[in-house]
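Below: the structure, in structure tokens.
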Number of protein chains: 2
Amino acid sequence: MAQTKNHLKSIATRTIQEKGVNGLSFRDLAAEANIKSSSVHYYFPQKADLIYEVTKEYTDAFFQALHKIDQLSKHSVERLDALLDLYKKNLPGRFCLCGMLAAESNQLDNKTKDLLSRFFVKTQKWLREVIEDLPSNGATPAGLSSVLLSSLEGALLMDGVKGKEKYLTEVQKFIRGLV
Amino acid sequence: MAQTKNHLKSIATRTIQEKGVNGLSFRDLAAEANIKSSSVHYYFPQKADLIYEVTKEYTDAFFQALHKIDQLSKHSVERLDALLDLYKKNLPGRFCLCGMLAAESNQLDNKTKDLLSRFFVKTQKWLREVIEDLPSNGATPAGLSSVLLSSLEGALLMDGVKGKEKYLTEVQKFIRGLV
DNA sequence: TCTTGATTATCTATCAGAAGATAGATAAAA
DNA sequence: TTTTATCTATCTTCTGATAGATAATCAAGA
């Protein structure tokens, strides 16, 4: 069933967010899904296939979430707030999947690295368009969106150490100060 | 000799920056230093000891570099520029050691996590003091330094995927725009 | 409807290699 | 003669991966 495959992807996503690609093993994954590790290979012949599919699903879901924000919130400030909530959902204990993969990108195949690049490019583009609706405040939308995306990924990374929302909260305050 | 131990720490530091803690093995480390893996255990009984000592050395060296910046540059803008250069030195191919460890912090012992926390706290404090010397620009020094530290870590993380300095450069432009 | 054959989803069993770690020998240096 | 720095040899556990058996489901043709 597609149910088992989805279950595996869901466990794998969380495990990678918590422990990284090298912290995910077929055995532990299988045990958590109550099947044998050989059965995991039935759905994902190689580990790289699993990583790729997990990344595809995560990024697609993230883009859909951005789209939903666009529909539900019409004002830039609300949209930025909603994005912050999206990031905060990972804490405590998890990092952005794409941030984690970026840290380990030396060990990824090119297909997956392309998904990663696209994730950052698209998310930055979304941010830029939101910022373009704000009253001008010195920095260009292109530049500011890059800095904001960087700070979101970095804040989530550092907040993971203590499980708090310290840095993310500062980023949020900063964003609110832009208006 | 202390030479061998330092050599091991140097190789381990670079390897963790490139591949993470789980991407570092005693065997590969030993091979690169032309000794046997059992000899690595002579210097570092457990892998956790190696990680701890490497982190200690890295953070100490980083704080010394900040101190040197304080001595060589007297103006805030120069100091921030020098910090940016410190971060850029990692590219292409490497991430900030503490950023990498933060991503994998679920698998670290408390001693090493404490070093990590101190690294971020101290670096943020340094940034805050530099920013306090700048003309006020809306945000508080405490808040802005948090955001800048986040964006530096995040920018280095994302730039690692393509090996370019795209995001770090945008952070640098943003910093220059603060004055 | 019954039979047959393919497809799907799992299992058992096993492999080769890598991992961290330890015991104990050895040789040089202090 | 004790300490320092290395080695050989080995252990256990974990890793990704493969081969082949086994049911169960399902579709098609007689």
Side-chain angles (χ1 to χ4, degrees), chain A residues 1-57 100-101 103-113, chain B residues 1-57 100-101 103-113:
Chain A
M1 274 180 276
Q3 200 185 333
T4 304
K5 189 170 186 177
N6 286 335
H7 192 199
L8 289 172
K9 282 198 275 189
S10 154
I11 297 169
T13 302
R14 177 178 41 75
T15 306
I16 295 175
Q17 287 183 275
E18 287 170 0
K19 308 201 233 166
V21 167
N22 287 323
L24 170 76
S25 82
F26 272 48
R27 268 176 181 68
D28 292 347
L29 173 58
E32 202 170 333
N34 291 310
I35 57 174
K36 298 294 165 183
S37 74
S38 55
S39 302
V40 179
H41 284 277
Y42 172 75
Y43 296 102
F44 310 99
Q46 309 221 308
K47 193 174 178 181
D49 300 316
L50 172 61
I51 309 297
Y52 176 82
E53 289 200 38
V54 153
T55 309
K56 184 76 173 63
E57 191 169 270
M100 183 63 90
L101 294 179
E104 297 175 306
S105 63
N106 281 318
Q107 296 162 85
L108 299 178
D109 57 27
N110 289 331
K111 259 176 82 182
T112 308
K113 268 200 269 190
Chain B
M1 275 179 276
Q3 200 185 333
T4 304
K5 188 169 186 178
N6 286 335
H7 192 198
L8 288 172
K9 282 198 276 189
S10 153
I11 297 169
T13 303
R14 178 178 40 75
T15 306
I16 294 174
Q17 287 184 274
E18 287 169 0
K19 308 200 233 168
V21 167
N22 287 322
L24 171 76
S25 83
F26 273 47
R27 270 176 180 70
D28 292 347
L29 173 57
E32 200 168 334
N34 289 311
I35 58 175
K36 298 294 166 183
S37 75
S38 55
S39 303
V40 179
H41 283 278
Y42 172 74
Y43 296 103
F44 310 99
Q46 308 222 308
K47 192 175 178 181
D49 301 315
L50 172 60
I51 309 297
Y52 176 82
E53 289 202 36
V54 153
T55 309
K56 185 77 172 63
E57 191 169 272
M100 184 64 90
L101 294 179
E104 297 175 305
S105 62
N106 281 318
Q107 295 162 88
L108 300 177
D109 56 28
N110 288 331
K111 260 177 80 181
T112 307
K113 267 200 272 193

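Sequence lines set the chain letters: A, B, ... in the order given, protein chains first and strands last, and positions in each chain run from 1.
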When rounded to whole Å, the OH to C1' distance for the pair B/Tyr43 and C/dA21 reads 18 Å
Count the heavy atoms of every other residue, nucleotide or ligand shown that sit under 6.0 Å from NZ of B/Lys36, and state whether that count exceeds 12. no
For DNA chain D, whose closest nucleotide is more 5', that of A/Ser38 or that of A/Gly23? A/Gly23
May I ask you to say what B/Lys47 touches in the nucleic acid, namely base, sugar-phosphate or nothing, with a heavy-atom cut-off under 4.0 Å? sugar-phosphate
State whether B/Lys5 and B/Glu57 are salt-bridged, where the test is any N-O pair (Lys NZ or Arg NE/NH1/NH2 against Asp/Glu carboxylate O) under 4.0 Å. no
Rounding to a whole Å, what distance do you find between B/Asn22:CG and C/dG20:C1'? 12 Å
Report yes if a side-chain nitrogen or oxygen of B/Thr4 is closer than 4.0 Å to either non-bridging phosphate oxygen (OP1 or OP2) of D/dA5; otherwise report no. no
From CG of B/Asp49 over to C1' of C/dG20, roughly how many Å is that when rounded to an integer? 12 Å
Euclidean distance, atom CG of residue B/Leu29 to atom P of C/dA18 [Å, nearest integer]: 16 Å
Protein-nucleotide distance (A/His41, atom NE2; D/dT15, atom C1'), rounded to Å: 9 Å
Looking at A/Tyr42, I'd like to know whether one of its side-chain N or O atoms comes within less than 4.0 Å of OP1 or OP2 on C/dT10. no
Under 4.0 Å: is that the gap between some side-chain N or O of A/Ser25 and OP1 or OP2 of D/dC14? no
Is there side-chain contact between B/Lys9 and B/Phe44, with at least one heavy-atom pair below 4.5 Å? yes
Is B/Arg27 side chain donor-acceptor paired with the C/dA18 base, going by distance under 3.5 Å alone? no
To the side chain of A/Phe26, which of C/dT22, C/dC11, D/dA17 is closest? D/dA17
Starting from P on D/dT6, measure out to CZ on B/Phe44 and report it in whole angstrom. 12 Å
So what does B/Leu24 touch, heavy atoms closer than 4.0 Å: a base, only the sugar-phosphate, or nothing? sugar-phosphate
Checking all strands, does B/Ser39 fall into the base, sugar-phosphate, or nothing category for heavy-atom contacts under 4.0 angstrom? base
Whole-Å distance, B/Leu8 CG to D/dT4 C1', equals 15 Å
When you compare the side chain of B/Thr15 with that of B/Asp28, does any pair of heavy atoms fall below 4.5 Å? no
Here the distance between atom P of C/dA27 and atom CD1 of B/Ile35, to the nearest Å, is 19 Å
What's the closest nucleotide to the side chain of A/Lys36 if the choices are C/dT12, D/dA17, C/dG20? C/dT12
My understanding is that only one of B/Leu50, B/Leu108, B/Leu101 makes a side-chain contact (heavy atoms from CB on, under 4.5 Å) with B/Thr55; could you say which? B/Leu101
Check this one for me: any side-chain N or O of B/Gln46 less than 4.0 Å away from OP1 or OP2 of C/dG20? no
